[in-house]
Amino acid sequence: AKTAKHGMWHLLYVLACNTVLALIGRYILIKLGLWGDPKAEIEKEKKLKEEIRRYRAHQARQQEVLNAAKADLSQKRQQQAPGAQASWQGYPGGEARPLTLHCMRVKAINRNEEEETRERQQDIKKVHRNYDPNLHQFERAHEYTRALNAVKLDRVFAKPFIAAFPHDDGITTLARNPRSLNSIVSGAADGDIRILDIAAKRTLRRLVGHTAAVRGIAFAPDGETAVSCSTDATVKLWKVPFAPLEYGTVQQDAEPVFEFQGKHAFRGIDHHWGRNQFATAGAVVDVWDHTRSEPTHSFAWGSDTVTSARFNPAEADLFATTGSDRSVALFDLRSATPIRKIIMQTRCNALAWNPMEAFNFTVANEDCCLYTYDMRKLTSALCVHKDFVSAVMDVDYSPTGREFVAGSYDRSVRIFPHTGGHSREVYTTKRMQRVFTVRFSGDATYVFSGSDDMNVRVWKSEASEQLGVPLPREKKKHAYNKALINRFQHMPDVKRVTRHRHVPAAIYKTAKVRRTMEESANRKLKNRVAHSAPGSVKIKATRKKKLIAEVE
């Protein structure tokens with residue numbers, strides 16, 4: 001009996017221990033989330049049942065709406081059917097309600113695998129951008145930073161000088177071959193004429209014949225013939241060869257084909273754009289033919305010396321001249337008399353027609369400015385181009401007609417927009433002296449200048465332009481940078497970097513003195529107007545100020 005009693009107590013003890021351990025383990029599992037709480041399970045089961053009930057109720061309502069729609073559709077079909085009797089089937093609940101169908105537009109993504117797959121491993125992956133401005137709120141700020149960086153990089157890479165061709169004396173005139181981009185002819189003060197191959201940086205021919213300074217060279221329209229005039233009172237006709245494909249020095253001497261003897265020294269020459277005729281400027285204006293040794297026409301109109309003559313590229317029989325009597329005159333080969341002329345305060349040294357605007361021409365004046373006129377209205381200049389600090393010696397238009405280049409006695413070359421009052425580029429070097437002649441290349445990519453230091457220099461028309469053939473990516477990048485600079489050109493920082501140029505100290509100081517003088521003159525004029533009777537002081541516009549008279 002004692003043993004049985006002891007065994008019973010042992011069994012109770014074991015059961016109690018197991019129960020306690022089970023409760024403790026269950027509590028730990030519940031805390032760790034590994035054992036479900038009965039109350040939570042009950043609540044979860046209730047929520048699941050409630051969701052099932054709601055879903056079934058929703059399905060029932062949807063079925064009712066669908067049945068009502070079917071009934072309405074069948075009723076309409078019965079009404080539309082011929083001989084059908086109208087019948088009414090009401091909606092659930094006995095009321096007639098309008099049917100509302102909810103539609104949703106879905107945009108499907110459709111892409112072509114060929115457009116998204118690269119052909120080569122080196123190809124760039126296409127990046128798709130959403131250009132919605134709401135997604136790019138700082139786009140303008142980013143593009144402004146890019147524009148500022150682009151204009152700074154333009155100044156960093158501005159290396160306009162390309163090459164120089166030395167001569168034995170100062171360069172007095174240049175001519176561009178209309179049929180060849182890589183050929184230009186230069187004339188020097190010692191009578192030496194050279195045909196230069198710009199691409200190969202070599203001299204093709206030395207045209208020997210003049211005994212005094214060469215004052216003008218002009219090409220015939222075919223590009224194979226050139227005429228030159230000199231102060232030795234002769235005009236010579238030359239055959240101009242094209243540059244050979246082989247590289248190396250090809251310098252040879254050539255003799256003139258024909259010689260025209262004049263009575264006075266010649267100061268300028270230009271060839272007709274359509275016929276074998278040319279005009280020379282000297283004591284009078286003479287018009288010559290290739291097949292005759294004497295001039296066919298002679299024009300004189302009150303000028304001691306005519307300094308230059310230029311034919312109009314559009315109206316080939318019309319040409320203009322500049323004279324030492326400060327005149328700019330217009331002539332027509334079809335009439336025996338001149339058309340009209342204007343007298344300015346200071347003398348004009350050269351003249352150039354705009355190839356794209358046939359009525360407009362620009363003159364280089366001794367008063368450090370250039371003036372663009374319309375031949376139909378010579379009473380006022382279209383534009384006054386400033387920035388030089390000494391006499392302007394020569395001017396030539398780009399083939400595009402959008403800009404022109406001018407050279408000055410102040411030893412600088414400037415490029416102007418055809419409607420801009422100030423230059424966009426200025427080119428100088430330490431050893432370049434007074435610039436007597438300038439020309440644009442046939443593709444408007446390069447600028448040529450001839451100066452008194454016996455060198456013909458080649459410049460880029462765009463100072464920071466990349467030489468060679470650019471890649472498509474580079475073209476797009478350059479176009480994007482130009483568009484950015486054009487968009488933000490009015491911003492102060494962009495404008496400051498764009499307009500800033502380093503010039504020699506002599507030009508800088510002279511320009512500063514000229515600005516002081518102009519400000520003083522303007523201040524004096526304002527004081528006169530303020531302290532005079534109304535209307536007694538007449539103010540003349542700058543475009544009309546330099547014009548003295550117009551004669552017809």
Side-chain angles (χ1 to χ4, degrees), residues 170-176 184-189 191 193 207 210 212-220 225-238 259-273 277-288 295-313 316 318-331 333 338 341 344 347-353 361-366 370 391-397 404-407 409 434-439 448-450:
I171 311 300
T172 55
T173 183
L174 292 173
R176 179 181 71 232
I184 192 168
V185 179
S186 61
I193 300 176
L207 306 182
H210 287 294
V214 181
R215 292 298 181 181
I217 303 173
F219 272 93
T225 308
V227 288
S228 63
C229 68
S230 172
T231 54
D232 61 3
T234 60
V235 176
K236 298 185 184 297
L237 183 68
W238 312 87
E259 180 178 327
F260 303 88
Q261 189 67 41
K263 299 179 182 179
H264 307 280
F266 295 110
R267 302 295 302 274
I269 192 171
D270 194 34
H271 203 282
H272 195 279
W273 288 86
Q277 292 182 342
F278 58 91
T280 58
V284 294
V285 179
D286 294 326
V287 180
W288 306 73
T296 58
H297 297 82
S298 292
F299 299 92
W301 195 2
S303 175
D304 296 335
T305 303
V306 181
T307 56
S308 67
R310 284 290 183 93
F311 277 96
N312 191 316
L318 182 70
F319 66 95
T321 63
T322 60
S324 60
D325 61 345
R326 301 166 295 155
S327 65
V328 178
L330 298 176
F331 298 87
L333 294 180
K341 74 173 180 178
M344 302 185 69
R347 190 182 71 179
C348 294
N349 295 317
L351 180 143
W353 291 92
F361 62 90
T362 301
V363 292
N365 204 275
E366 287 277 346
L370 298 104
V392 188
M393 304 304 295
D394 197 12
V395 59
D396 186 54
Y397 264 94
F404 61 86
V405 60
Y409 213 71
R434 297 164 294 186
V435 180
F436 289 135
T437 178
V438 290
R439 285 294 180 272
F448 308 103
S449 66

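Checked against the 6.0 Å centroid threshold, Phe361 and Trp353 count as a close aromatic pair. Checked against a 6.0 Å centroid threshold, the rings of Phe260 and Phe278 count as neighbours.
Side-chain contact annotation: Thr322 with Thr307, donor-acceptor N/O pair under 3.5 Å present. With no hydrogens or angles considered, no side-chain donor-acceptor pair links Thr296 and Trp288 at under 3.5 Å.
Side chain of Thr172 to main chain of Gly187: a donor-acceptor pair is present (N/O by atom type, distance under 3.5 Å, no hydrogens or angles). Here the side chain of Ser186 pairs no donor or acceptor atom with the backbone of Leu174 at under 3.5 angstrom.
Side chains of Phe436 and Asp394 form no contact here, defined as non-hydrogen atoms less than 4.5 Å apart.
Contact between Val185 and Ile193 at its shortest, heavy atoms only, is CG1-CG2, 3.5 Å. Across all non-hydrogen atoms, the minimal contact from Ala352 to Asp396 is CB-CA, 4.1 Å. The two residues Leu370 and Ala406 come nearest to each other via the heavy atoms CD2-CB, 3.8 Å. The two residues Val438 and Val405 come nearest to each other via the heavy atoms CG2-O, 3.7 Å. Across all their heavy atoms, Phe266 and Cys229 have their closest contact at CB-CB, 3.7 Å.
Between Arg347 and Asp325 there is no salt bridge, since none of the side-chain N atoms of the basic residue sits less than 4.0 Å from a carboxylate O of the acidic one.
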Report the C-alpha distance between Trp238 and Val227 in whole Å, list the side-chain angles of each, state the deciding distance to 0.1 Å, and finish with yes or no for side chain to side chain contact (heavy atoms under 4.5 Å, CB included). CA-CA 6 Å; Trp238 312 87; Val227 288; 5.9 Å; no
